[in-house]
Asks: 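One structure, as structure tokens, below. Some questions next.
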Amino acid sequence: MSEKNITMPVNIDEQAEANQTRRSFLRKSVAVAGGAVIAATAAGRAAAEPLAIPPTNKILGRGVVSIPYGLPSKFEAHVVRRNVEWLTPDTIASISFTPLQDLEGIITPSGLHFERHHGGAVDIDPSTHRLVIHGLVEKPMIFTIEDLKRFPQKSGFWFLECPANGAMEWNGVQMDSVQFTHGMVSCTEWVGVSLLDLMKAVGVKKEATWFFGEGADGAALQRSVPLPGAKDQFGKPISDFDANTIYKDIIVAYAQNGEALRPENGYPIRLIVPGCEANMSVKWLRRIKFVDKPLVTYQETRHYTDGMKDGRFRQYTLVNETNSVVTFPCPDKKMSGKGSYEIRGLAWSGRGKVKAVDVSVDGGKTWKEAKLVDPVFSKCFTRFTMPWEWDGKEALVMSRAMDETGYVQPTLRQLIDERGTSGIYHKNSIQTWKVQANGEVHNVQLRSL
Ligand SMILES: Nc1nc2c(c(=O)[nH]1)N[C@H]1C(S)=C(S)[C@@H](COP(=O)(O)O)O[C@H]1N2
Ligand SMILES: [Mo]
């Protein structure tokens, strides 16, 4: 690229520059980003005069530890978890959604992790909290938090998704916000103890084909997790992947993004069952019991089953299937005039790594492969991007993810053909955003596709 048609975007140390030869430096009118030439009107404008000296150049700032635990800038106050008031009768058995539209990269800051409580969040003193592991084991044991921290650490970057993510869309309710259509998923670096190490410590017996975890909250939430040889309550074997794979990654987590778990996310300990519907990741964990059949709890019957077209219900659909969504543009982040943009989004799969993401801007008539941004981890958010020169006309923006097993994210039509419209859970269909000529972006469900 020749010097003639490029300049660096206006940046670094403006003040030092102002005293020197900044006029010539700023005279050129086209900026470069990521190797692509971008019209100056779109990203960074031509500047003829030095910038005015801002007031912050003339004061002394805050001293260190005036804010002992750092918080986001006051200008980021709009970046918050939100709930949908009409969705639940109160905020105790309820949900808050992650502002996916404001996230960059693949990690969800702990304070923005979505919350799903069946009986509210509780504050637990780690010094008195205990975890009991019992049932089909040689040696039942009780662990303190300190005991657990003495085991070797196991960690991973894993997403957590409530299977009710997108539930409101099943029946035609169209939330005009990516925060509410997809915000029941977050991604975290979790740190804890491997379940395999704890299984070794208590000596799990061969007859154990399931375990369940139980929380110390008002809901005392219980969920069954399969082990090799697992059969359902009718004696039918469950899928090999579920029985033989899921348990190997599981940890009892005590840390999240570099620090202790947040109370809302299960402090002081919780299960993390990577790739599986998040209700299996029992928070405020107090009990693990090894058993030889699923518990068939309230959570596994009244909730978390999938209505099918023929009126029957599917049980123990544990894995979060491949999903993706464009987070820019989206209803929460509009366009500001035609020109150069980067379409950005997130993809994830409970079965492993995201292999590819296709993006369409014409409602699925044509697709182009997006770039996957490093790092790409298994059962983790994967960021994708695609350059887009917007002509200012109406567009239908979609993303379609494929994982390393070859599973391709379905259309809504395909899901409805399989399951009808009475469903709540596991809605992972392709999302369409309609970009209007005026730059507004809206949620449109293309049931025909
Ligand atoms: N003890 C307990 N564990 C729980 C829950 C709960 O209410 N109590 N909610 C479950 C559900 S339904 C989900 S989706 C996830 C949500 O985890 P998060 O609040 O950390 O996002 O926690 C699961 N673990
Ligand atoms: Mo959930």
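In listed order, ligands and their atoms are each counted from 1. This structure is a prediction, so every number in the text was calculated from the model and none was measured. Computed from heavy atoms alone, side chains included, the values below leave out hydrogens, waters and symmetry copies.
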Asks: Indicate whether any N or O donor in one side chain lies under 3.5 Å from an N or O acceptor in the other, for Q256 and N265.
Replies: yes
Asks: State which residue, out of R223, R270, R286, fulfils the salt bridge (Lys or Arg N to Asp or Glu O under 4.0 Å) condition with E214.
Replies: R286
Asks: Quick test of your reading of the model: are E342 and R344 salt-bridged, counting only N-O distances below 4.0 Å?
Replies: yes
Asks: Select all protein residues for which some heavy-atom-to-ligand 1 distance is less than 4.0 Å, and list them by chain and number.
Replies: H113, F114, E115, R116, H117, H118, C162, G215, D217, L221, E264, N265, R270, A278, N279, S281, V282, K283, W284, Y304
Asks: Answer with yes or no whether the side chains of S94 and N83 bring together a donor and an acceptor at under 3.5 Å.
Replies: no
Asks: Within the 3.5 Å criterion, strictly below it, is a donor on K427 or S429 matched to an acceptor on the partner's side chain?
Replies: yes
Asks: Would you please say whether a donor-acceptor pair under 3.5 Å links the side chains of Q431 and N323?
Replies: no
